[in-house]
Amino acid sequence: MVMGNNIEMDVKKLLTPLVKMKNANISMSVKFGEAEEEEDWEPMGPTPKPKVPTLRHWDFKLLERYPPFYMPICDLCCLCTFGKCDLSRGKKGACGLNIKAQQARIVLIACCIGTACHTGHSRHLVHHLIEKLGKDYPINLGNEIEVEAPITRTVMGIRPKTLGDLEKILDYCEEQITHLLSAAHTGQEGDYLDFESKAFHAGMIDDLAREVGDIAQIVAYNMPKGDEDAPLIELGFGCIDKSKPVILCIGHNVVPGSYILEYLEENNMEDDVEVCGICCTAIDISRVSDKAKIVGPLSRQLMFVRSGVADVVVVDEQCIRTDILEEVLKTGAVLIATNEKMCLGLEDVSHLSEDEIIGYLLRNRAALILDEEKVGKVAVEVAKIVAKERKDRKTLPDLNEVVELAKQCTECGWCNRNCPNAFKVKEAMTLAKQGNFDGFVDLYKKCYSCGRCETICPRNLPIVSMTTKVGEAYYKDLKFKIRAGRGPIKDVEIRSVGAPIVFGDIPGVVALVGCSNHPNGEEEVALIAKEFLERKYIVVTSGCAAMSIAMWKDKDGKTLYEKYPGEFRAGGLVNCGSCLSNCHITGAAIKIANIFAKVPLRGNYAEVADYILNKVGAVGVAWGAMSQKAAAIATGVNRWGIPVIVGPHGAKYRRLYLSNGEKFKVKDKKTGEILEIDPVPEHLIVTAENVKECICMIPKLCMRPNDNPKGRANKIYHYVDLYEKYFGKMPPDLEKFVRTEKDIPFMMKDKIMAYLEEKGWKPLEKYPQDPTILY
Amino acid sequence: MDERFIAYIPTAGSNVAHAEITSPTLVKMMIRRAKKPILILGENLENDEKELINKLIERYNLKVIKTPEEMNLMAIMKYLANSDYDLALFTGITYYYLAQAATHLKQFSNVITVSIDKYYQPNTIYSFPNLSEDEYLDYLKKLLEG
Ligand code: SF4
Ligand code: SF4
Ligand code: SF4
């Protein structure tokens with residue numbers, strides 16, 4: 001094979017006489033092995049399976065333009081017993097570390113946690129599915145998706161064909177995570193930029209691991225494969241039929257939930273038992289069966305558990321309240337833990353027979369079952385019994401009791417102060433004393449049921465339960481529709497939107513993803529989606545954000561999923577699926593480079609990322625970003641050249657990538673010239689204080705150097721129009737983004753020209769036809 | 001424990017050095033002494049508070065940046081850290097957001113930062129204590145006296 005020979009020659013050239021022939025044989029046979037497995041689908045690029053420093057040159061390019069901006073959440077380091085060390089105002093720790101490096105180190109650790117989480121999850125899935133279906137089970141996403149795994153192709157340089165191939169990718173991910181995490185040990189990496197480069201690397205691995213996990217579950221569970229007409233699924237407290245036994249799944253891993261659905265189907269009990277979920281497990285089980293229902297995002301977790309609707313709660317992994325056992329037991333329900341990562345101190349009963357486990361659970365109310373197959377029957381049968389037992393059980397106070405409880409409040413105000421958002425709990429209490437629930441109704445809309453107010457209340461008032469009760473009583477119609485996660489974007493969709501995105505005629509792709517740490521409740525995410533759908537952006541979503549979008553209806557009672565098509569096109573609302581499915585959003589950007597522009601993917605990371613940075617007008621919005629996984633996802637997305645906006649709480653990640661807003665330099669590949677250009681995209685990761693700021697920032701961060709004048713005018717139109725709508729004025733930095741008069745939208749010509757004159761604007765003499773920062 | 005001098009949201013502090021409590025009289029002196037003061041003005045003020053702040057701006061001829069309307073708060077922090085402004089006053093910004101943002105100037109600049117908001121802000125160099133609505137209006141009025 002030509003490939004093999006080339007590699008063999010290269011290896012021989014590289015070998016010095018000092019290298020033992022034995023080693024050479026090993027390295028050659030590895031190369032040969034790979035070359036044989038892989039037919040010649042594309043020449044291998046420069047960076048297959050990059051190691052920690054392989055893409056450092058690319059990272060440093062990004063970091064030069066978008067230097068890290070640090071906001072230390074804590075100015076101490078307490079990681080080792082040399083310390084703790086005060087790193088404030090230029091002081092160094094006992095190991096020599098300064099505060100910038102320490103911040104970057106914490107970000108790296110956070111990214112490693114997030115990446116390990118997704119990798120662990122994917123490993124668990126793949127391992128399980130291989131046991132069930134075998135190593136050779138094929139990866140087939142249907143005829144319409146030829147580029148089956150864009151991230152894997154680019155990063156690994158392979159095209160995965162079987163579940164067994166996915167395992168190899170995870171081997172690589174795990175090796176990289178080990179190296180990355182070890183760099184955070186005391187007395188290792190000392191430079192903040194290198195820590196950042198490592199965080200980028202962790203983020204990239206995170207992307208890859210998520211792709212592995214989602215592809216595995218799509219093929220194994222026959223989830224929708226890029227289906228724009230994936231079914232509409234019921235969502236919300238109100239869609240759960242309380243008259244039936246209710247099983248609630250919480251977390252991210254679809255395996256136990258899928259066994260529950262399978263057992264119900266096999267026994268014709270699908271209509272007898274309600275299966276619902278919170279967080280990503282909810283989304284993923286609804287990709288397995290349209291009978292599964294979604295309660296809502298993470299933010300509704302404690303409220304729903306407290307409401308006592310569930311008879312059996314099954315937890316798997318990630319984003320589950322760590323006090324879930326205590327909370328579930330309080331309602332008289334039964335808890336089943338199913339994952340080695342979250343055992344909750346419970347007895348492992350996996351070795352018992354299903355019937356024995358059922359007996360155990362009825363006696364002990366909670367257990368750890370690591371054999372997920374058994375969870376199917378056990379959860380269903382236990383739910384049937386427990387539902388009868390709990391029939392008349394009341395778990396929430398009734399409205400009169402809410403008033404009586406409120407009367408105990410001393411109005412000390414500590415609840416407001418301990419609430420991460422300083423919501424007005426005290427005021428709600430004061431009103432409720434007189435039987436007025438307006439304050440609680442308002443709280444119900446915004447509160448993410450973290451329970452911090454409760455833990456500090458000196459009167460031990462069950463504030464979350466009170467809020468939930470009022471919500472239940474005042475919102476009868478908590479029933480919504482969400483489109484089930486469709487998975488990847490089809491190649492044909494990419495073909496038809498490639499050119500308009502790259503030239504700017506489609507003003508942008510907005511990816512609304514991530515957790516529920518919203519500053520003002522779920523509705524804001526829906527409002528962002530609505531604004532950009534109406535403007536014919538492509539709106540893509542996943543995870544808790546996808547659920548938040550569903551929790552808003554227009555005056556005819558329709559959700560955005562019912563109003564807008566599920567296609568990847570201008571004005572389409574695409575729900576990819578769970579957080580794992582975020583990979584398809586990055587994947588779409590990569591596919592634009594590959595399918596539309598013919599950029600080779602294989603082992604060609606930097607060129608692909610450079611293409612995306614300069615040409616693909618996409619922006620990620622994680623309005624409620626909360627977890628370490630969100631940190632890893634955002635950092636991974638950043639390395640691909642896609643900017644991200646996070647909500648105000650995102651500042652607590654303590655690191656942003658902000659440019660100075662001054663001119664950028666790029667090379668024009670057409671002419672070879674180095675040119676100064678407009679600063680687009682302006683930032684790589686940035687916070688917005690409120691939803692108005694976020695909305696106005698989106699069109700700006702969708703601008704790219706490659707926009708043609710018509711495309712840029714289109715983007716500027718939305719930027720100006722939105723600024724006027726939300727702030728009643730012209731954007732204060734507009735002059736930076738108008739390159740020449742041709743960039744000015746026709747409808748706003750006079751207004752913008754007057755503004756530019758006032759600012760003393762001068763057009764750019766030249767801007768590049770084919771911009772790159774790789775020079 | 002005097003509640004006036006701990007962060008309004010108790011977990012918003014950043015551990016070693018917390019802001020010193022200041023008074024309207026001292027803030028007036030700081031503004032007068034500053035070579036190049038600036039006010040970073042957020043959106044979260046009540047009408048009567050806004051009115052008094054506007055008078056303050058006029059009275060001391062303060063340079064103002066409104067956030068987020070005119071600039072992103074983090075971009076302002078980055079800008080201030082590299083500028084010759086020597087005094088930055090803050091009010092009307094989402095509490096926990098400013099708490100986090102202010103740490104940038106605290107660690108990486110010599111700008112004297114002062115929170116003249118209603119609530120004690122640990123991560124500026126000086127701050128008003130936690131105030132009730134009436135007390136706050138009173139403080140703002142005192143800034144205008146004399
Ligand atoms: S790791 Fe370094 S800075 Fe941190 S506590 Fe140890 S010696 Fe101090
Ligand atoms: S902390 Fe408790 S007692 Fe104090 S105001 Fe809040 S609800 Fe009332
Ligand atoms: S449960 Fe709600 S009101 Fe209470 S602290 Fe959390 S977000 Fe605030």
Side-chain angles (χ1 to χ4, degrees), chain A residues 67 69-76 78 84-91 98-100 103 412-414 416-422 452 456 519 645 647-654 656 658-661 682-683 685-690 692-694 696-697 723 726-729 731-733, chain B residues 1 3-4 6-18 40-44 65-83 90 92-110 117-120 122-123 125 130 132-133:
Chain A
F69 171 92
Y70 294 113
M71 301 155 282
I73 205 164
C74 166
D75 39 26
L76 296 174
C78 36
K84 50 180 155 175
C85 297
D86 172 6
L87 305 177
S88 66
R89 298 201 65 92
K91 294 193 262 316
N98 67 29
I99 196 155
K100 274 192 176 178
Q103 299 313 300
C412 68
W414 276 98
N416 294 15
R417 295 181 66 168
N418 208 40
C419 171
N421 284 310
R452 252 169 69 167
I456 206 159
I645 303 169
H649 287 293
K652 292 179 237 164
Y653 283 123
R654 73 199 88 192
L656 301 173
L658 307 179
S659 81
N660 293 331
E682 192 183 23
H683 303 301
I685 180 164
V686 59
T687 52
E689 179 171 356
N690 55 31
K692 295 190 298 182
E693 187 185 13
C694 175
C696 292
M697 224 187 249
Y723 228 93
Y726 288 97
F727 289 109
K729 62 189 287 191
D733 56 357
Chain B
M1 174 162 71
E3 290 165 22
R4 290 170 86 76
I6 52 171
Y8 178 70
I9 296 180
T11 52
S14 78
N15 287 6
V16 183
H18 282 186
I40 312 303
L41 180 57
E43 287 185 339
N44 309 340
I65 303 180
K66 291 186 190 166
T67 182
E69 182 179 322
E70 296 175 337
M71 209 171 173
N72 170 269
L73 182 66
M74 302 307 171
I76 295 174
M77 295 301 183
K78 183 165 172 151
Y79 166 72
L80 290 179
N82 301 303
S83 72
F90 298 89
I93 299 163
T94 304
Y95 181 82
Y96 61 85
Y97 188 53
L98 175 63
Q100 196 52 38
T103 64
H104 181 77
L105 294 179
K106 178 172 166 180
Q107 302 295 343
F108 304 111
S109 83
N110 294 317
D117 212 295
K118 234 186 328 248
Y119 298 132
Y120 175 63
N123 297 336
I125 314 275
N130 291 313
S132 71
E133 184 59 39

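Each chain gets a letter, A, B and so on, in the order its sequence line appears, and its residues count up from 1. Hydrogens, waters and symmetry mates are skipped; everything else that's a heavy atom, side chains included, is used.
Within a 6.0 Å radius of NZ in B:Lys66, other residues, nucleotides and ligands contribute 12 heavy atoms or fewer.
Side-chain contact between A:Arg417 and B:Ile6: present, with at least one pair of heavy atoms (C-beta onward) separated by less than 4.5 Å. Annotation: side chain of B:Asn44 is in contact with side chain of A:Glu689 (closest heavy-atom distance under 4.5 Å). Between A:Ile73 and B:Thr103 the shortest side-chain heavy-atom distance does not fall below 4.5 Å. Residues A:Pro420 and B:Ile9 are not in side-chain contact: their nearest non-hydrogen atoms beyond the backbone lie 4.5 Å or more apart. Using a 4.5 Å heavy-atom threshold, the side chains of A:Glu693 and B:Leu73 count as separate. A 4.5 Å side-chain heavy-atom check between A:Met697 and B:Asn72 finds at least one atom pair inside the cut-off.
Note: B:Ile93 CD1 to A:Asn690 CG = 11.5 Å, rounded to the nearest 0.5 Å. Taken from CG in A:Leu658 to CE in B:Met74, the straight-line distance is 8.5 Å, to the nearest 0.5 Å. For the atom pair A:Asp75 CG and B:Lys106 NZ, the distance stands at 5.5 Å (nearest 0.5 Å). Atom NZ of B:Lys78 is separated from atom NE2 of A:His683 by 8.0 Å, given to the nearest 0.5 angstrom. For the atom pair B:Gln100 CD and A:His649 NE2, the distance stands at 11.5 Å (nearest 0.5 Å).
Put simply, of A:Leu76, A:Asn418, A:Asp733, A:Thr687, the one with the most heavy-atom pairs under 4.5 Å next to chain B is A:Thr687. Looking only at heavy-atom pairs under 4.5 Å with chain B, the residue among A:Tyr70, A:Phe69, A:Phe727 that has the most is A:Phe69. Across A:Gly661, A:Pro519, A:Ser659, A:Cys696, the residue that shares the most heavy-atom pairs under 4.5 angstrom with chain B is A:Ser659.
In this structure, B:Pro68 and A:Tyr723 approach most closely via the heavy-atom pair O-OH, 3.7 Å. Taking every heavy atom of both residues into account, A:Pro72 and B:Gln107 meet most closely at CG-CG, 3.6 Å.
B:Leu105 touches chain A through its backbone: at least one of N, CA, C or O sits under 4.5 Å from a heavy atom, while the side chain does not. Contacts of B:Tyr96 with chain A are made by side-chain atoms alone, with heavy-atom separations under 4.5 Å and no backbone atom involved. Using a 4.5 Å cut-off between heavy atoms, B:Phe108 contacts chain A through its side chain alone, with no backbone atom that close. Heavy-atom distances place no part of B:Ala81 under 4.5 Å from chain A, backbone and side chain included. Heavy-atom distances place no part of B:Asn123 under 4.5 Å from chain A, backbone and side chain included. Contact annotation for A:Tyr726: neither backbone nor side-chain heavy atoms come within less than 4.5 Å of a heavy atom of chain B.
A donor-acceptor pair under 3.5 Å is absent between the side-chain atoms of B:Glu70 and the main chain of A:Pro732, judged by distance alone.
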For this session: Let me see the working for A:Met71 and B:Met77 under side chain to side chain contact (heavy atoms under 4.5 Å, CB included), right down to the final yes or no.
Result: CA-CA 10 Å; A:Met71 301 155 282; B:Met77 295 301 183; over 6 Å; no
